[in-house]
Amino acid sequence: MRVLREDGEDRQVRDDGGGGADVVIVGSGVVGAACAEALTRRGACVLVLDRGPLAAGTTACGEGDLLVSNKAPGPGLTLAQASLSRWPRLLAALREELGPGRAECEYEVKGGLAVATGEPEGAALCDFAAAQRAAGVDARELAPGEAAAYEPHLTPGVRAAVHYPQDAQLQPVLATTSLLAAVRARGGRIRTGVDVAGVETGRDGRAVGVRTSEGRIPCGAVVNACGPWAGEFAAAAGAPLPVLPRRGTVLVTAPLPHGTVRHKVYDAGYADTARSADPGLQVSAVVEATQAGTVLIGSSRQRCGFDGTLRAGVLRALARGAAQLFPVLGGVPVMRAYGGFRPYTPDHLPVVGEDPRRPGLWHATGHEGAGIGLAAATGELLAELWAGEPPHLDPEPFRVQRFAAARFGRENGWH
Amino acid sequence: MSAPSHIAAPLTAPPLVVVVGAGPAGARAALSAARCGARVALVDSGERIGGQYHRQPAVAGKAVAGGPDASAAHPLELAVATQPRIAHLPRTTVWALEPLPEPGPAPGRHLVHVQQGPADDRGRPVRTLAADALVLCTGAFDRALPFPGWELPGVVTAGAAQALARGQRTAVGGRVVVSGTGPFLLPVALALPEVGARVLGVYEAGNPARWLRSPAAALRDGGPGRVAELGSYAAGLARHRVPYRTRHAVVAAHGRDRVEAVTVARLDAGWHPVAGSEQRIGPVDAVCVGYGFTPQLELPLAAGCAVRGGHVAVDARQATTVPGVYAAGELTGVAGAPAAAAEGELAGLAAVADLADLADLADLAERPWAAEAAAHLAPPSPARLAAAASRVRSGRRFARALARAHPVPGGWRGWLREDTLVCRCEEVSYGELRDAVAARGADGMRALKLTCRAGLGACQGRVCGRNTAELAAALLGAPVADPHAMDRRPLAHPVRLGDLAEPPPID
């Protein structure tokens, strides 16, 4: 199969003998998988490489949130809205293609509930919701006392609450393996345990292959979908990117009776901590149940490099926040705690698109804590740009060029 | 999180050695460290010193019948109780281990987060111990292999049956079969008749005769004490008319609401059932299984210790790969209580010797506390350390010989059917596990558990983690990356959310 861009440029450099591909995607997390799915749907020959096992990084640490509720109006919200509407269509198509079993990923439109226990926080929450409504988000302010009808076990100390019916959840590793199953079914290849050391360039500076622990692999394009490790990969490829790890920790309780926690419920301060640039520890309560009955408790954010050491103080802060929102949880055993790293960018927007410093190198990273939710639209947007199709949303805010601006400093390779 | 102020504080005077686990290894480690001047906190989830081992007599068949002895303190317990520098913390679980951020004054310093009081109580007090050195003696638990019907009530581990018999003088059933591999099945089979059970058979899946037939090898590896112990087991089995068959195993359990019968098959050297050899044995009301032991690795892994061949890697003086952290007993290999005690003794001595060295190395002008801390210590002489290390060596030889004599070859995977559960907590079948690998492409333990849910339940992979890793490796045709992923439990023990929310006192 030949893949022609609409501008007529032939992107096919498939090298069947040497295992080459039109596109090598580095990273088998949900974003890499979504890019691979969208590219193979367009007929591209794709090779997904991961130095670790499949979907074992940030994707395996996520809660699987598909949220509009925590996004302020702007490009991030636009991408989230596009992605939230895209996910169910994508999953329906995968069910059609793979059969219901292999496409099952516990997708549920459970709705979000943002709550405030103080008066000023309540007023700020309602202002935030009003701005979101103006941007097309379904954000419904609840009357005092109405929150209890949504969440019977919620603390009576709630002063204001906003219901977001569009917020959804899925199981990230199931979603990723479903996407990759489709990639495989279309002839795409996935190889794990292969470390990509760098990008090879032709005389014109264009990416022509990747150097890996298993030798050189020729390709027409490389997608950097390395999540929090994307900064390292970009630097090795000669096109530095300000993507840094931002640590998060999650507590998991023993299974509770169905309906104990019904929505994704979070303290109104959550949207602020997510948007903060503070490298220090920030915690705001986020509580939600999974289909297995366990309750996931977040959310912490801290920039401490790739230090994965458990810090009991973080667990305590998470426990306190959750017990304040849901006093009933106080007696519930916490079974497990795990941590992961989110890919953070200074402006909290992902990087999606081709890098002008290294043509043929594409980025799909920097989604911070929203990668699961944003993956569907990210993969689609990247594939549209790659194929030269008109993009379904404005790609400008996500372009890597924005980091050339002085406020991101000179250390990122822009002169 | 910013560092609490005590983290920058110097070594405590005298330095605090936290020993986790009060079995033979931990109790010995506590004693040797305390006798060298360290303060010791000896933490154990049980009520009494001695761990699993001292629920049983050193020589089978003697003290088993003796009810009165059960409550009397044994010498190790007395020694610990009368050593003023040891604080024994019974019924205490470690729920997290937190390395102090570098640069700390001592590399082995950890915050040991514990919770005290009867398991399952609400409001168990939470405390934090600031350890200057850490000795991990958390032991091992029985390994159970899956087979059709192993989830039926009445199927228990050999260790559980023994604890019930020794600790509560209760038989796990009236008609019992024992299946597994290794000499540790024998005391279990002997404990059962003492509490009124009839043992229909002991099925040893391996063929240890090669080793046992060679008294010279057994003497070299185990010493005369162990030869005598094995001999006494054989005599006990004969006295109770318990059939003992090698190269046989329970490969299926049957029953509606609980186990009623089992299928026993003859195994070839790879543990594949020999076709046509299956025989049904029943009625039975209990099955005890034990295929060796799995070390409790969560705390060593939390401390960052390297694991080799399934056990914590230690040097000739029980030091792990993390400075200031030592491991002893079954974490490092299984050779029985005397070997574990010898390792504990050495670990306690080495911990104090290294703390004293640390104080010596410190720039005393900048760190006057170092001299003060060291002044409390009477570190062991090199000769004493060497003597303790030589006692450890014969135990290690025995552990290696035991492991060689009782391998667990992969033929057990052929006992499984499509619907056999591999994870009992989450009721994950072998078919679902295979689907996660084959259809979903999960090739690492993290993705595997999140794809099929094996290991996500109440036991957090303690029972199924190792079996799941081996099944996945067989399906993939290659070892899984990070086979110990399920042993990583940053939360080492469940804690109620409300208890976790409380800020703890630190001592």
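Here is the naming used below: chain letters follow the sequence lines, and residue numbers restart at 1 for every chain.
- Residue Ser178(A) touches chain B through both its backbone and its side chain, counting heavy-atom pairs closer than 4.5 Å.
- Of all heavy-atom pairs spanning Leu450(B) and Ala60(A), the tightest one is CD1-O, 3.3 Å.
- For Leu500(B) against Val334(A), the heavy-atom pair with the smallest separation is CD2-CG2, 4.2 Å.
- Pro53(A) and Gly444(B) get closest at one heavy-atom pair: CB-CA, 3.5 Å.
- Minimum interatomic distance between Ala55(A) and Ala447(B) (heavy atoms only, all atoms of both residues): O-CB, 4.4 Å.
- At a 4.5 Å heavy-atom cutoff, Glu106(A) makes no contact with chain B through either its backbone or its side chain.
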Stepwise side chain to side chain contact (heavy atoms under 4.5 Å, CB included) check, Leu497(B) with Leu251(A): CA-CA 9 Å; Leu497(B) 190 86; Leu251(A) 304 178; 4.2 Å; yes

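- Counting all heavy atoms, side chain and backbone alike, Gly457(B) lies closest to Met335(A) at O-SD, 3.9 Å.
- Chosen from Lys449(B), Arg453(B), Arg440(B), the residue pairing most often with chain A at heavy-atom distances under 4.5 Å is Arg440(B).
- Taking each heavy atom of His113(B) and Ala312(A) in turn, the nearest pair found is NE2-CB, 3.2 Å.
- Per-residue heavy-atom pair counts under 4.5 Å with chain B were compared for Ile190(A), Thr294(A), Thr192(A), and the maximum is reached by Thr192(A).
- Side-chain atoms of Arg336(A) come within 3.5 Å of backbone atoms of Leu456(B) as a donor-acceptor pair (strictly under, hydrogens ignored).
- Interface residue Arg496(B): backbone and side-chain heavy atoms are both found under 4.5 Å from chain A.
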